[in-house]
J.: 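Questions regarding the structure given below will be posed in turn.
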Amino acid sequence: MLHPPLGIAMASPEERYNFREAETKWQKTWAAQNSFRVEEPSSKPKYYVLEMFPYPSGRLHMGHVRNYTLGDVVARYKKARGFNVMHPMGWDAFGLPAENAALERGVHPGAWTRQNIGVMRAQFQPLGLSLDWSREITSCEPEYYKHEQKMFLDFLKVGLAYRKESWVNWDPVEHTVLANEQVIDGKGWRSGVDVEQRKLNQWFLKITHFAEDLLQAIEGLDRWPDKVRLMQHNWIGRSEGARVTWPLTDKAGKDTGETLEVFTTRPDTLFGASFCAISAQHPLAAKAAENDPALAEFIAECSRGGTSTAAIETAEKKGYDTGLKARHPFVAGKTVPVYVANFVLMAYGSGAIFGCPGHDERDMEFARKYGLPVRCVVAPAGEDPNAFAAALEAGNVAYVDDGVAINSEFLNGLAVDAAKRAAIAKLESLKLGTGTVQYRLRDWGVSRQRYWGCPIPIIYCETCGTVPVPDKDLPVTLPEDVTFDTPGNPLARHPTWKHVKCPACGKNAQRETDTFDTFFESSWYFARFCSPHLADRPFSETAAMNWLPVDQYIGGVEHAVLHLLYSRFFTRAMSACGYLNLKEPFAGMFTQGMVCHETYRAADGAWLEPGAVAKTGETATYNGQPVTIGRSEKMSKSKKNTVDPQSILDTYGADAARLFMLSDSPPDRDLEWTDAGIEGAWRYLNRLWRLATAAVEIPEGPLPAVLDPAAAVVLRQIHRTISAVSDDLEKFRFNSAVARTRELTNALADMDRGVGGGNAVFRFGVAAVAQLINPLTPHLSEEIWQSLGHTTILTETPWPTFDPALLEDDTVTIGVQVNGKLRGTITVAKAAANDVFEAAALALPAVQKQLDGKPPKKVIIVPGKIVNIVAA
RNA sequence: GCGGGCAUGGCGGAACUGGUAGACGCGCCAGACUCAAAAUCUGGUGUCCUUGGACGUGGGGGUUCGAUUCCCUCUGCCCGCACCA
């Protein structure tokens, strides 16, 4: 597939840039000079650049290369701008793939993970990234995870962690709990069998404690993508409404003494209530089922259904009448039936609703199915209420929009908002409800029944209950001698590990055998980088407060909610426990696009690797057989459309790979990897190198005071480019920065160096290009810089400056329109008066022709921009 | 269903707060060099008709002297959430 450019072998050394030698040389130089070590102490302002740390899956993929290249551009640019840059790297090293490897190949997860880290660390080397490796951290090592065990116990003390029985997705084959993301179409992602709903004791972190703050603070994250902010906003899902209490009666109409509490955002529609519905997992449902086998069967059926999105989507709305009745809070003597319904979620609100079919689509569907009354209590303003109500009550479509309350006693005539307030006031005076705010966000369940994670430092004692592991016994480390030959958690069946003495009473007790969700480690690693080797604490508060928040964080959108929200929570929780005093961990966030590639399929439908396919123009073949070329999709092993970074680095070098990734499309959009694209980047690097070779012969010296006008034009372009590229780099417009740099390169190549000052300007321009492109292609630019005779390296050289006076020409060329259509251009002195613009524009033959001898009706002059003549 | 985004040549994409649409690159075409090819260099390349024009930023409409940019509307694609009461 990737034929090495033939020129590599053919060209003489002075014609071809030898990236192999140069890239290795500069990587060694930077390492020897500790160029990317954080300065401590430093008088410079700090700048913390962080890319999401990788999971050590075994090899780097193109997505990694893109991610770390983007961060590297920022880090190198900020360093040149005079910042003390921290740009660290580490390993998100706990996780399921390590256990799968153990299962499939009989390797210990730890050995597998550590070996992968070794391979990947070596793969990072040739990319030429400006990383401070002295701060490397590995989350699966006790030196790292012991701190989060302590942190968890602190969270427990302040009530931010708790244990509760809750419903979870249970895979009966793998004997483990699955995250919602691991349940696909109601089946376990690996086992492929139906997932069950089970009630298990789980540890939770109380992220809901900060729901309001996490929501409010989104507004302040002004350097985050709007998309991510919106997603978090929706995820937290704030709803204002009321909790309403409904006293219950039995089948005979006698009060049971119990009440049903429901949450509603529409207390103004209470007079339209025709039923209540509770979740199958609601305690009242279980109680009602005690004497009703059919109900018990219905509840079991609901639990089997799974919580997967697809299952819910297609599920028919079903209910079962418990026989219980609920007393209406406002209407004396009125009761409504209480159903168990499969669409009511236990985890939201109180797990119960009241149904108002007239003004809720779902309630309407339910009411029609079970023959429940439909009552109209809101009519659009300006319509005849009686006619509207009659139509609504006869039809099957709920009215959910704004309007005026009708058929609602004391609410009649009020608009929806006012009616809500009045209803809540009434509920509160009757002590049958209260205004409240409900969030969609739920507490974070962190228990996982897996081996390769951080042990939860808890001991269960029959006498003392749940006992935190004392500080002196931390860390709780994973046992090495585990087996993966049977399903389930190896920690739970380990012969000795879980058996301990109770730290409180000394009797026999058992360890918690669950481990933390791997999102736990990534929720605070950005703080650990601030003091990565501190032994007794997770990080020094001083260091963390100095470096945090991260100035620029970079990663994929797939973490827009979970990881980023957890980290925001953790920062607040750590602050609550005195570790630091900060709310937001990431001041700037950038989400990069995916790396994509065309897909290829053989006639039998099998996916083919790009390397196996012979492509000629629009058609492709495999072993002489035709190949279907599919759309460009995210590189993935399953579709075989991956390109190994290693082979690209070997063939073209890091700079070419970096340049292509940066120039092809804007960093937040998907990037399509093509052979032609990388070759284009490679060509440019060689062209630039040849150009620089010509500049080397020109002795260095100050620019002459008087320049030939042609040279002066180029000089102005150099200054304009410095200004524009600086701006582009600040704003993540790397593709545009490359385009402008190439433009300048073209101008330098085309300029007449023989004119007065031409050589000096040329040399100055080449040096400027090397500086401007240094964050993008650091090796080649160092090489050019050195060849120009500099004795210090470019990496330690400040960013070039521009002279604002040289940004603009004295003359300006602008378009001349007649009736908005371009008819020509004029070039006039920039400072010229309007009548000069007008005269020059009217003098154009094309303009005269359009005017046809008549005087213009109107002339619009925007100095420096355009002249538009309105013809009669 | 709800929420959000996007739509510009054969392709990736430029165009700052409304002001010369298509920068820069890829691809393609022609030429130079070469026995030939590769590499490199030069020129061309939005579409349509004849020089000169006309048309052109998904479709339709609007505001404006002037719209890729602002407003309305329709279509298509992508993403997030998904019975959230």
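Here is the naming used below: chain letters follow the sequence lines, and residue numbers restart at 1 for every chain.
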J.: Distance check, C1' atoms only: B:rC49 and B:rG56, in whole angstrom units.
T.: 15 Å

J.: Taking the side chain of A:R742 as its heavy atoms from C-beta onward, which of B:rC65, B:rG12, B:rC24 lies nearest to it?
T.: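 Looking only at side-chain atoms, A:R742 lies closest to B:rC24.
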
J.: Return yes if the base of B:rC41 and the side-chain atoms of A:R687 contain a donor-acceptor N/O pair under 3.5 Å, otherwise no.
T.: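 Not at all, since no donor on one side and acceptor on the other fall under 3.5 Å apart.
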
J.: Is any side-chain heavy atom of A:Y320 closer than 4.5 Å to one of A:Y339?
T.: no

J.: I want to verify a distance call: between B:rG3, B:rC81, B:rU42, whose nearest atom is closest to the A:L230 side chain?
T.: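 So the side chain of A:L230 is nearest to B:rG3.
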
J.: Can you tell me, in whole Å, how much space there is between the P of B:rG58 and that of B:rG52?
T.: 30 Å

J.: Rounding to an integer number of Å, can you tell me how far A:K865 NZ sits from B:rU20 P?
T.: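 Whole-Å distance recorded here is 8 Å.
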
J.: When you compare B:rG18 with B:rG4, how far apart are their P atoms, in angstrom units rounded to a whole number?
T.: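 Result for the P pair: 23 Å, nearest Å.
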
J.: Taking the side chain of A:I866 as heavy atoms from C-beta outward, which of B:rU20, B:rG3, B:rA54 is closest to it?
T.: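 Among B:rU20, B:rG3, B:rA54, the one nearest the side chain of A:I866 is B:rU20.
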
J.: Consider the side chain of A:T265, meaning its heavy atoms from C-beta on, and name the nucleotide among B:rG19, B:rA85, B:rA14 that approaches it most closely.
T.: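 Among B:rG19, B:rA85, B:rA14, the one nearest the side chain of A:T265 is B:rA85.
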
J.: For A:R669 and A:G820, find the nucleotide of RNA chain B closest to each by heavy atoms; which residue's nucleotide sits nearer the 5' end?
T.: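 By nearest-heavy-atom nucleotide position, the 5'-most residue is A:R669.
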
J.: From the set B:rC26, B:rU20, B:rC24, return the single nucleotide nearest to any side-chain atom of A:A739.
T.: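 Taking heavy atoms from C-beta onward, the closest nucleotide is B:rC24.
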
J.: Given atom CG of A:L659 and atom C1' of B:rC24, what is their separation to the nearest angstrom?
T.: 11 Å

J.: Taking atom C1' in both B:rA23 and B:rU68, compute the distance separating them and give it to the nearest angstrom.
T.: 15 Å

J.: Between B:rA85, B:rG12, B:rU42, which one does the side chain of A:F263 approach most closely?
T.: B:rA85

J.: Give a yes or no on whether a salt bridge exists between A:E212 and A:R238, defined as a side-chain N under 4.0 angstrom from a carboxylate O.
T.: yes

J.: Dot-bracket for RNA chain B: what is it, with Watson-Crick or G-U pairs under 3.5 Å, [ ] where a pair crosses earlier ones, and | for a pair to another strand?
T.: (((((((..(((......[....)))((((((.......))))))((((..))))..(((((..]....))))))))))))....

J.: Any salt bridge between A:R733 and A:D727, counting N to O under 4.0 Å?
T.: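 So A:R733 pairs with A:D727 through a salt bridge.
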
J.: Is the closest side-chain donor-acceptor distance between A:S736 and A:D728 under 3.5 Å?
T.: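 There is such a pair between these side chains.
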
J.: Side chains of A:N641 and A:T599: is there a donor and an acceptor less than 3.5 Å apart?
T.: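 No.
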
J.: Rounded to whole angstrom, note down the C1' distance from B:rC29 over to B:rC78.
T.: 35 Å

J.: Look at A:E219 together with A:R229 and state whether they make a salt bridge at an N to O cut-off of under 4.0 Å.
T.: no

J.: What's the closest nucleotide to the A:A676 side chain, out of B:rG53, B:rC26, B:rA21?
T.: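 From the listed options, B:rC26 comes nearest.
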
J.: Separation of A:K821 atom NZ from B:rC65 atom C1', in whole Å?
T.: 13 Å

J.: Is there a donor-acceptor contact under 3.5 Å linking the side chains of A:Y348 and A:S279?
T.: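 Absent: no donor and acceptor within the cut-off.
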
J.: Would you measure the distance from the C1' atom in B:rG5 across to the matching atom in B:rU50 and give it in whole Å?
T.: 46 Å

J.: At under 4.0 Å between heavy atoms, what does A:E743 touch on the DNA or RNA strands: base, sugar-phosphate, or nothing?
T.: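 Counting heavy atoms under 4.0 Å across all strands, the contact made by A:E743 is with sugar-phosphate only.
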
J.: Just confirming the chi classification of B:rG9, syn or anti, using 90° around 0 as the syn window.
T.: syn

